[in-house]
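Read the structure below first, then the notes.
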Amino acid sequence: MSDYAFDTLQIHAAAEPDPATGAVQVPIYQTTSYAFKDADHAARLFNLEEVGFIYSRLTNPTVMKLAERVAALEGAAGGVTCSSGHAAQIMALFPLMGPGLNIVASTRLYGGSITQFSHTIKRFGWSCTFVDFDDLDALEAAVDENTRAIFCESISNPGGYITDLPAVAKVADKVGLPLIVDNTLATPYLCRPIEHGATLVVHSLTKYMTGNGTVTGGCVVDSGKFDWSASGKFPSLSEPEPAYHGLKFHEALGPMAFTFHSIAVGLRDLGMTMNPQGAHYTLMGIETLSLRMDKHNANAKAVAEWLEKDPRIDYVTYAGLESSPWHERMKTISPKGAGGLFTVAVKGGYDACVKLVNNLKLFSHVANLGDARSLIIHSASTTHRQLTEAQQIAAGAAPNVVRLSIGIENVGDLIADLDQALSAATS
Ligand SMILES: *Cc1c(COP(=O)(O)O)cnc(C)c1O
(Lines give C-alpha, C1' and ligand atoms only; values in the text may rest on other atoms or scores of the structure.)
Protein backbone atom coordinates (compact mmCIF):
# COMPACT_ATOMS: atom_id res chain seq x y z
CA MET A 1 0.00 0.00 0.00
CA SER A 2 2.81 2.44 0.83
CA ASP A 3 3.93 2.27 -2.84
CA TYR A 4 0.90 4.33 -3.88
CA ALA A 5 0.99 8.08 -4.34
CA PHE A 6 -0.38 10.39 -1.66
CA ASP A 7 -3.73 11.09 -3.35
CA THR A 8 -4.35 7.33 -3.63
CA LEU A 9 -3.29 6.65 -0.04
CA GLN A 10 -5.56 9.36 1.38
CA ILE A 11 -8.52 7.31 0.11
CA HIS A 12 -7.26 3.72 0.22
CA ALA A 13 -4.84 3.46 3.18
CA ALA A 14 -6.44 1.52 6.06
CA ALA A 15 -9.64 1.22 4.02
CA GLU A 16 -9.92 -2.48 3.29
CA PRO A 17 -13.58 -3.57 3.10
CA ASP A 18 -14.99 -4.14 6.59
CA PRO A 19 -14.26 -7.80 7.50
CA ALA A 20 -17.70 -8.29 9.07
CA THR A 21 -19.93 -6.78 6.37
CA GLY A 22 -17.84 -5.86 3.32
CA ALA A 23 -18.75 -2.19 3.83
CA VAL A 24 -16.52 -0.03 1.64
CA GLN A 25 -16.58 3.13 3.78
CA VAL A 26 -15.04 2.50 7.24
CA PRO A 27 -18.08 1.78 9.45
CA ILE A 28 -18.73 3.73 12.66
CA TYR A 29 -18.24 1.12 15.38
CA GLN A 30 -20.33 2.84 18.03
CA THR A 31 -19.53 0.40 20.83
CA THR A 32 -17.62 0.57 24.10
CA SER A 33 -16.71 -3.09 24.41
CA TYR A 34 -16.04 -6.28 22.44
CA ALA A 35 -16.99 -9.83 23.41
CA PHE A 36 -13.99 -12.08 24.08
CA LYS A 37 -14.13 -15.48 22.34
CA ASP A 38 -13.16 -17.19 25.61
CA ALA A 39 -11.03 -16.59 28.72
CA ASP A 40 -7.86 -17.58 26.88
CA HIS A 41 -8.54 -15.06 24.08
CA ALA A 42 -9.11 -12.33 26.68
CA ALA A 43 -5.81 -13.16 28.40
CA ARG A 44 -3.89 -13.03 25.11
CA LEU A 45 -5.36 -9.60 24.32
CA PHE A 46 -4.46 -8.21 27.73
CA ASN A 47 -0.90 -9.61 27.38
CA LEU A 48 -0.54 -7.87 23.95
CA GLU A 49 0.17 -11.36 22.51
CA GLU A 50 -2.70 -10.83 20.11
CA VAL A 51 -3.86 -7.51 18.71
CA GLY A 52 -7.59 -7.02 19.11
CA PHE A 53 -10.29 -5.01 20.72
CA ILE A 54 -10.99 -4.87 24.46
CA TYR A 55 -12.58 -1.56 25.38
CA SER A 56 -13.00 1.64 23.35
CA ARG A 57 -11.01 3.83 25.74
CA LEU A 58 -8.00 1.90 24.35
CA THR A 59 -8.99 0.71 20.88
CA ASN A 60 -11.94 0.97 18.53
CA PRO A 61 -11.98 -0.24 14.89
CA THR A 62 -13.07 3.11 13.41
CA VAL A 63 -10.63 5.11 15.49
CA MET A 64 -7.74 2.73 14.76
CA LYS A 65 -8.34 2.99 11.01
CA LEU A 66 -7.86 6.72 11.32
CA ALA A 67 -4.55 6.27 13.20
CA GLU A 68 -3.40 3.81 10.53
CA ARG A 69 -4.33 6.17 7.71
CA VAL A 70 -2.50 9.14 9.24
CA ALA A 71 0.52 6.89 9.89
CA ALA A 72 0.46 5.77 6.23
CA LEU A 73 0.27 9.37 4.99
CA GLU A 74 3.14 10.44 7.26
CA GLY A 75 5.30 7.41 6.34
CA ALA A 76 5.23 6.35 10.02
CA ALA A 77 5.47 2.90 11.63
CA GLY A 78 2.31 3.39 13.71
CA GLY A 79 0.16 5.90 15.48
CA VAL A 80 -2.45 6.65 18.06
CA THR A 81 -5.40 9.03 17.84
CA CYS A 82 -6.70 11.09 20.73
CA SER A 83 -9.34 13.60 21.68
CA SER A 84 -7.61 16.81 20.52
CA GLY A 85 -4.34 18.25 19.26
CA HIS A 86 -3.45 19.31 22.78
CA ALA A 87 -4.15 15.79 24.04
CA ALA A 88 -1.80 14.53 21.30
CA GLN A 89 0.99 16.72 22.66
CA ILE A 90 0.59 15.30 26.18
CA MET A 91 0.32 11.78 24.73
CA ALA A 92 3.55 12.32 22.76
CA LEU A 93 5.45 13.49 25.85
CA PHE A 94 3.94 11.11 28.40
CA PRO A 95 6.12 8.00 27.71
CA LEU A 96 9.26 10.15 27.59
CA MET A 97 8.85 12.40 30.61
CA GLY A 98 8.87 12.30 34.39
CA PRO A 99 9.12 14.76 37.28
CA GLY A 100 12.18 17.01 36.96
CA LEU A 101 12.56 16.42 33.21
CA ASN A 102 12.24 19.05 30.49
CA ILE A 103 11.73 19.65 26.79
CA VAL A 104 13.23 22.31 24.54
CA ALA A 105 10.65 23.93 22.24
CA SER A 106 10.60 26.58 19.53
CA THR A 107 9.39 30.07 20.48
CA ARG A 108 7.27 29.96 17.31
CA LEU A 109 4.34 27.79 18.37
CA TYR A 110 0.55 27.90 18.46
CA GLY A 111 -0.38 30.12 21.44
CA GLY A 112 -2.20 27.29 23.21
CA SER A 113 0.94 25.15 23.00
CA ILE A 114 3.05 27.92 24.53
CA THR A 115 0.57 28.12 27.43
CA GLN A 116 0.47 24.31 27.81
CA PHE A 117 4.28 24.11 27.88
CA SER A 118 4.87 27.26 30.01
CA HIS A 119 2.33 26.55 32.73
CA THR A 120 0.24 23.39 32.62
CA ILE A 121 2.99 20.78 32.24
CA LYS A 122 4.61 22.15 35.41
CA ARG A 123 1.78 20.43 37.31
CA PHE A 124 3.37 17.15 36.21
CA GLY A 125 6.84 18.32 37.30
CA TRP A 126 7.84 18.82 33.64
CA SER A 127 9.21 22.05 32.22
CA CYS A 128 10.01 23.66 28.88
CA THR A 129 12.80 25.94 27.66
CA PHE A 130 11.82 28.05 24.63
CA VAL A 131 14.49 28.86 22.04
CA ASP A 132 14.63 30.50 18.60
CA PHE A 133 15.13 27.39 16.44
CA ASP A 134 16.95 29.44 13.79
CA ASP A 135 19.77 29.71 16.34
CA LEU A 136 21.01 26.12 16.28
CA ASP A 137 23.79 26.82 18.80
CA ALA A 138 21.23 28.20 21.27
CA LEU A 139 19.07 25.13 20.65
CA GLU A 140 21.93 22.77 21.42
CA ALA A 141 22.99 24.84 24.46
CA ALA A 142 19.45 24.69 25.90
CA VAL A 143 19.58 20.88 26.05
CA ASP A 144 20.73 19.53 29.42
CA GLU A 145 20.95 16.05 30.99
CA ASN A 146 17.26 16.26 31.96
CA THR A 147 15.99 17.09 28.46
CA ARG A 148 13.92 14.35 26.86
CA ALA A 149 12.57 15.87 23.64
CA ILE A 150 12.89 18.71 21.14
CA PHE A 151 9.58 20.16 19.92
CA CYS A 152 8.67 22.43 17.01
CA GLU A 153 6.05 23.03 14.31
CA SER A 154 6.85 22.39 10.62
CA ILE A 155 4.95 25.48 9.44
CA SER A 156 4.30 27.55 12.53
CA ASN A 157 1.08 29.09 13.78
CA PRO A 158 0.43 31.98 13.26
CA GLY A 159 3.51 33.63 11.78
CA GLY A 160 4.12 31.95 8.41
CA TYR A 161 7.48 30.70 9.66
CA ILE A 162 8.93 27.41 8.41
CA THR A 163 11.31 25.41 10.58
CA ASP A 164 14.54 24.13 9.07
CA LEU A 165 13.63 20.55 10.02
CA PRO A 166 16.77 18.79 8.70
CA ALA A 167 19.02 21.21 10.63
CA VAL A 168 16.99 20.81 13.83
CA ALA A 169 16.92 17.02 13.37
CA LYS A 170 20.71 17.05 13.09
CA VAL A 171 20.95 18.75 16.51
CA ALA A 172 18.45 16.25 17.97
CA ASP A 173 20.56 13.39 16.58
CA LYS A 174 23.74 14.85 18.01
CA VAL A 175 22.26 15.13 21.52
CA GLY A 176 20.48 11.76 21.21
CA LEU A 177 16.92 13.04 21.70
CA PRO A 178 13.68 12.50 19.79
CA LEU A 179 12.43 15.37 17.63
CA ILE A 180 8.67 15.92 17.88
CA VAL A 181 7.11 17.94 15.05
CA ASP A 182 3.60 19.41 15.14
CA ASN A 183 2.56 19.06 11.48
CA THR A 184 -0.96 20.50 11.87
CA LEU A 185 -0.54 23.46 9.52
CA ALA A 186 1.34 21.66 6.78
CA THR A 187 -0.48 18.29 6.84
CA PRO A 188 1.46 15.33 5.39
CA TYR A 189 0.42 16.47 1.91
CA LEU A 190 2.67 19.54 2.14
CA CYS A 191 5.37 18.24 4.48
CA ARG A 192 6.36 14.81 5.81
CA PRO A 193 8.55 15.59 8.85
CA ILE A 194 9.79 11.99 9.24
CA GLU A 195 11.54 12.34 5.87
CA HIS A 196 13.39 15.33 7.35
CA GLY A 197 14.46 13.45 10.51
CA ALA A 198 11.50 13.77 12.92
CA THR A 199 10.91 10.95 15.43
CA LEU A 200 7.28 11.68 16.34
CA VAL A 201 4.71 13.76 14.45
CA VAL A 202 1.71 15.23 16.27
CA HIS A 203 -1.46 16.60 14.69
CA SER A 204 -4.48 18.58 15.60
CA LEU A 205 -6.91 16.67 13.36
CA THR A 206 -9.36 19.48 14.17
CA LYS A 207 -7.83 21.60 11.41
CA TYR A 208 -7.00 20.74 7.76
CA MET A 209 -7.08 16.97 8.25
CA THR A 210 -10.83 16.99 8.93
CA GLY A 211 -11.11 20.22 6.95
CA ASN A 212 -14.59 21.44 7.73
CA GLY A 213 -14.64 22.48 11.37
CA THR A 214 -16.72 19.55 12.64
CA VAL A 215 -14.33 17.49 14.79
CA THR A 216 -11.93 18.02 17.69
CA GLY A 217 -9.23 15.39 17.45
CA GLY A 218 -5.52 14.67 17.55
CA CYS A 219 -2.98 12.08 16.55
CA VAL A 220 0.61 11.05 17.33
CA VAL A 221 2.52 8.97 14.80
CA ASP A 222 5.94 7.41 15.34
CA SER A 223 8.68 6.95 12.76
CA GLY A 224 9.67 3.73 14.55
CA LYS A 225 13.30 4.75 14.01
CA PHE A 226 14.38 6.10 17.40
CA ASP A 227 16.43 3.77 19.62
CA TRP A 228 14.60 4.13 22.93
CA SER A 229 17.06 1.81 24.68
CA ALA A 230 20.38 3.42 23.67
CA SER A 231 20.71 6.11 26.36
CA GLY A 232 18.77 4.72 29.31
CA LYS A 233 16.80 8.00 29.31
CA PHE A 234 13.45 6.45 28.34
CA PRO A 235 12.79 3.75 30.95
CA SER A 236 9.02 3.58 30.24
CA LEU A 237 9.92 2.22 26.80
CA SER A 238 13.23 0.41 27.46
CA GLU A 239 12.90 -0.95 31.03
CA PRO A 240 10.18 -3.15 32.54
CA GLU A 241 7.12 -0.83 32.62
CA PRO A 242 5.55 -1.18 36.08
CA ALA A 243 2.25 0.22 34.75
CA TYR A 244 2.04 -2.73 32.31
CA HIS A 245 3.10 -5.75 34.42
CA GLY A 246 6.78 -5.27 33.69
CA LEU A 247 6.62 -5.45 29.86
CA LYS A 248 9.73 -4.07 28.13
CA PHE A 249 7.97 -2.27 25.26
CA HIS A 250 11.00 -1.55 23.09
CA GLU A 251 12.46 -5.04 23.40
CA ALA A 252 9.08 -6.73 22.82
CA LEU A 253 7.61 -4.49 20.12
CA GLY A 254 10.56 -2.82 18.33
CA PRO A 255 9.38 -0.03 16.00
CA MET A 256 5.83 -0.31 17.39
CA ALA A 257 6.98 0.25 21.02
CA PHE A 258 5.85 3.87 21.22
CA THR A 259 2.50 3.17 19.54
CA PHE A 260 1.66 0.20 21.78
CA HIS A 261 2.77 2.07 24.92
CA SER A 262 0.57 5.01 23.90
CA ILE A 263 -2.45 2.72 23.60
CA ALA A 264 -1.83 0.22 26.40
CA VAL A 265 -0.66 2.76 29.00
CA GLY A 266 -1.32 6.26 27.60
CA LEU A 267 -4.93 5.91 26.45
CA ARG A 268 -5.69 3.37 29.18
CA ASP A 269 -4.62 5.70 32.02
CA LEU A 270 -4.94 9.22 30.60
CA GLY A 271 -8.19 8.45 28.78
CA MET A 272 -7.79 11.12 26.07
CA THR A 273 -9.70 8.95 23.61
CA MET A 274 -11.14 9.97 20.26
CA ASN A 275 -14.74 8.95 19.59
CA PRO A 276 -15.74 6.77 16.58
CA GLN A 277 -18.13 9.37 15.13
CA GLY A 278 -15.36 11.98 15.10
CA ALA A 279 -12.92 9.50 13.56
CA HIS A 280 -15.46 8.83 10.78
CA TYR A 281 -15.76 12.54 9.88
CA THR A 282 -11.97 12.90 9.88
CA LEU A 283 -11.52 9.81 7.67
CA MET A 284 -13.99 11.36 5.19
CA GLY A 285 -12.17 14.69 5.37
CA ILE A 286 -8.79 13.10 4.66
CA GLU A 287 -10.13 11.59 1.41
CA THR A 288 -10.03 15.11 -0.15
CA LEU A 289 -6.97 16.46 1.69
CA SER A 290 -4.73 16.96 -1.36
CA LEU A 291 -7.49 18.70 -3.36
CA ARG A 292 -8.27 21.05 -0.50
CA MET A 293 -4.62 21.84 0.30
CA ASP A 294 -3.90 22.71 -3.36
CA LYS A 295 -6.81 25.18 -3.30
CA HIS A 296 -5.83 26.56 0.14
CA ASN A 297 -2.29 27.12 -1.24
CA ALA A 298 -3.45 28.85 -4.42
CA ASN A 299 -6.03 31.06 -2.68
CA ALA A 300 -3.69 32.03 0.18
CA LYS A 301 -0.93 32.96 -2.26
CA ALA A 302 -3.28 35.15 -4.32
CA VAL A 303 -4.73 36.88 -1.25
CA ALA A 304 -1.28 37.39 0.33
CA GLU A 305 0.09 38.87 -2.92
CA TRP A 306 -2.87 41.24 -3.17
CA LEU A 307 -2.56 42.34 0.48
CA GLU A 308 1.20 42.82 0.25
CA LYS A 309 0.72 45.48 -2.46
CA ASP A 310 -2.09 47.26 -0.59
CA PRO A 311 -1.21 50.63 1.02
CA ARG A 312 -3.48 49.90 4.02
CA ILE A 313 -1.21 47.00 5.01
CA ASP A 314 2.18 47.20 6.77
CA TYR A 315 3.37 43.70 5.98
CA VAL A 316 2.25 40.13 5.29
CA THR A 317 4.10 37.12 6.70
CA TYR A 318 3.49 34.24 4.32
CA ALA A 319 6.23 31.85 3.33
CA GLY A 320 4.56 31.51 -0.08
CA LEU A 321 5.54 35.12 -0.93
CA GLU A 322 8.81 35.72 -2.80
CA SER A 323 9.57 38.46 -0.25
CA SER A 324 9.37 36.08 2.73
CA PRO A 325 12.62 35.23 4.51
CA TRP A 326 11.29 31.65 4.71
CA HIS A 327 10.51 31.34 0.99
CA GLU A 328 13.74 29.48 0.16
CA ARG A 329 13.16 27.10 3.05
CA MET A 330 9.61 26.44 1.81
CA LYS A 331 11.08 25.00 -1.40
CA THR A 332 12.67 22.10 0.49
CA ILE A 333 10.39 21.65 3.55
CA SER A 334 6.97 22.37 2.03
CA PRO A 335 7.55 22.53 -1.74
CA LYS A 336 3.91 22.44 -2.91
CA GLY A 337 3.15 25.66 -1.04
CA ALA A 338 3.05 27.31 2.35
CA GLY A 339 -0.53 26.34 3.31
CA GLY A 340 -3.54 28.54 3.98
CA LEU A 341 -2.50 30.45 7.08
CA PHE A 342 -0.67 33.76 7.44
CA THR A 343 -0.67 36.98 9.37
CA VAL A 344 -1.19 40.56 8.21
CA ALA A 345 -0.09 43.72 9.99
CA VAL A 346 -2.72 46.41 9.44
CA LYS A 347 -1.89 50.14 9.45
CA GLY A 348 -3.78 51.63 12.36
CA GLY A 349 -2.75 48.94 14.84
CA TYR A 350 -4.97 47.24 17.39
CA ASP A 351 -8.08 49.38 16.67
CA ALA A 352 -7.91 48.90 12.91
CA CYS A 353 -7.56 45.13 13.42
CA VAL A 354 -10.68 45.03 15.56
CA LYS A 355 -12.64 47.07 12.96
CA LEU A 356 -11.40 44.85 10.13
CA VAL A 357 -12.61 41.74 11.95
CA ASN A 358 -15.97 43.37 12.66
CA ASN A 359 -16.56 44.48 9.04
CA LEU A 360 -15.77 41.29 7.16
CA LYS A 361 -18.81 39.46 5.78
CA LEU A 362 -17.45 36.21 4.32
CA PHE A 363 -14.67 35.58 6.84
CA SER A 364 -15.85 34.04 10.11
CA HIS A 365 -14.35 35.48 13.29
CA VAL A 366 -13.37 32.27 15.09
CA ALA A 367 -10.52 30.63 17.01
CA ASN A 368 -10.20 27.80 14.51
CA LEU A 369 -8.10 27.38 11.38
CA GLY A 370 -7.86 24.97 8.48
CA ASP A 371 -11.56 25.08 7.63
CA ALA A 372 -13.06 25.01 4.10
CA ARG A 373 -14.41 28.49 4.88
CA SER A 374 -12.16 31.51 5.38
CA LEU A 375 -11.51 32.57 8.95
CA ILE A 376 -9.95 35.53 10.71
CA ILE A 377 -8.81 36.14 14.24
CA HIS A 378 -7.06 38.94 16.08
CA SER A 379 -4.62 36.73 17.97
CA ALA A 380 -3.44 39.36 20.47
CA SER A 381 -6.95 39.77 21.89
CA THR A 382 -7.87 36.07 21.71
CA THR A 383 -5.66 32.95 21.25
CA HIS A 384 -2.46 34.73 22.33
CA ARG A 385 -4.15 36.80 25.04
CA GLN A 386 -2.52 34.81 27.90
CA LEU A 387 0.97 35.70 26.62
CA THR A 388 3.06 38.74 27.46
CA GLU A 389 3.48 41.30 24.65
CA ALA A 390 7.08 40.07 24.18
CA GLN A 391 5.84 36.49 23.82
CA GLN A 392 3.09 37.70 21.44
CA ILE A 393 5.65 39.40 19.22
CA ALA A 394 8.00 36.36 19.35
CA ALA A 395 5.07 34.14 18.33
CA GLY A 396 4.15 36.44 15.41
CA ALA A 397 0.97 37.69 17.10
CA ALA A 398 1.71 41.36 17.78
CA PRO A 399 -1.25 43.67 18.63
CA ASN A 400 -1.37 45.13 15.06
CA VAL A 401 -1.57 41.69 13.47
CA VAL A 402 -4.55 39.58 12.35
CA ARG A 403 -4.34 35.93 11.36
CA LEU A 404 -6.12 34.76 8.23
CA SER A 405 -6.98 31.14 7.47
CA ILE A 406 -7.81 31.24 3.78
CA GLY A 407 -10.52 28.81 2.76
CA ILE A 408 -11.40 27.17 -0.55
CA GLU A 409 -14.03 29.67 -1.70
CA ASN A 410 -13.72 31.78 -4.87
CA VAL A 411 -10.64 33.94 -4.39
CA GLY A 412 -12.20 37.00 -6.07
CA ASP A 413 -14.98 37.01 -3.49
CA LEU A 414 -12.43 36.77 -0.66
CA ILE A 415 -10.37 39.69 -1.96
CA ALA A 416 -13.51 41.83 -2.47
CA ASP A 417 -14.58 41.16 1.12
CA LEU A 418 -11.13 42.08 2.49
CA ASP A 419 -11.11 45.21 0.32
CA GLN A 420 -14.41 46.58 1.67
CA ALA A 421 -13.56 45.72 5.30
CA LEU A 422 -10.08 47.29 5.06
CA SER A 423 -11.67 50.48 3.76
CA ALA A 424 -14.02 50.53 6.74
CA ALA A 425 -11.17 49.73 9.16
CA THR A 426 -8.68 52.34 7.98
CA SER A 427 -10.90 55.25 6.85
C1 LIG B 1 -5.07 23.95 16.98
C2 LIG B 1 -3.67 23.56 17.15
C3 LIG B 1 -3.26 22.76 18.21
C4 LIG B 1 -4.23 22.26 19.26
O5 LIG B 1 -5.16 21.41 18.68
P6 LIG B 1 -6.65 21.19 19.31
O7 LIG B 1 -7.22 20.14 18.43
O8 LIG B 1 -7.33 22.49 19.25
O9 LIG B 1 -6.42 20.73 20.72
C10 LIG B 1 -1.93 22.43 18.30
N11 LIG B 1 -1.04 22.87 17.40
C12 LIG B 1 -1.38 23.64 16.35
C13 LIG B 1 -0.35 24.09 15.38
C14 LIG B 1 -2.71 24.02 16.19
O15 LIG B 1 -3.06 24.80 15.16
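This structure is a prediction, so every number in the text was calculated from the model and none was measured. Note that these values count all heavy atoms, side chains included, but never hydrogens, waters or copies made by symmetry. Remember, it's 1-based here, ligands and their atoms both numbered in the order they're listed.
The protein atom (non-hydrogen) at minimum distance from atom 6 (P) of ligand 1 is Gly85 N, 3.3 Å. Counting only heavy atoms of the protein, atom 13 (C) of ligand 1 lies nearest to Asp182 OD2, 3.4 Å. Of all protein heavy atoms, the one closest to atom 15 (O) of ligand 1 is Lys207 NZ, 2.8 Å.
Salt-bridge annotation for Arg108 and Asp132: present, with a side-chain N of the basic residue lying under 4.0 Å from a carboxylate O of the acidic one. A salt bridge does not link Arg373 to Glu409: none of the charged nitrogens lies less than 4.0 Å from a carboxylate oxygen.
Every atom of ligand 1 with a heavy atom of Asn157 under 4.0 Å away is listed here by number and element: 15 (O). Contact atoms of ligand 1 toward Ser84: 7 (O), 9 (O) (distance under 4.0 Å to a heavy atom of the residue). Every atom of ligand 1 is numbered from 1 in the order shown, and the set under 4.0 Å from a heavy atom of Leu369 is 15 (O). Atoms of ligand 1 lying under 4.0 Å from at least one heavy atom of Gln89, given by number and element, are 10 (C), 11 (N).
Note: no N/O pair closer than 3.5 Å links Glu153 and ligand 1 by distance alone. Looking at Thr206 next to ligand 1, an N or O pair under 3.5 Å apart turns up.
For the pair Glu74/Pro193, a side-chain contact is recorded, criterion being any heavy-atom separation below 4.5 Å from C-beta on. Side-chain contact check for Cys191 versus Asn183: some heavy-atom pair is nearer than 4.5 Å.
Listed by chain and number, the residues in a ring-ring contact (aromatic ring centres under 6.0 Å, His included) with Phe6 are Tyr189 (sequence neighbours excluded).
The cationic group of Lys207 lies under 6.0 Å from the six-membered ring centre of Tyr110 and within 45° of the ring axis, placing it in a cation-pi geometry.
For Leu109, no heavy-atom contact with ligand 1 is shorter than 4.0 Å.
Relative orientation of the Phe94 and His261 rings is tilted, given thresholds of 30° and 60° on the angle between their planes.
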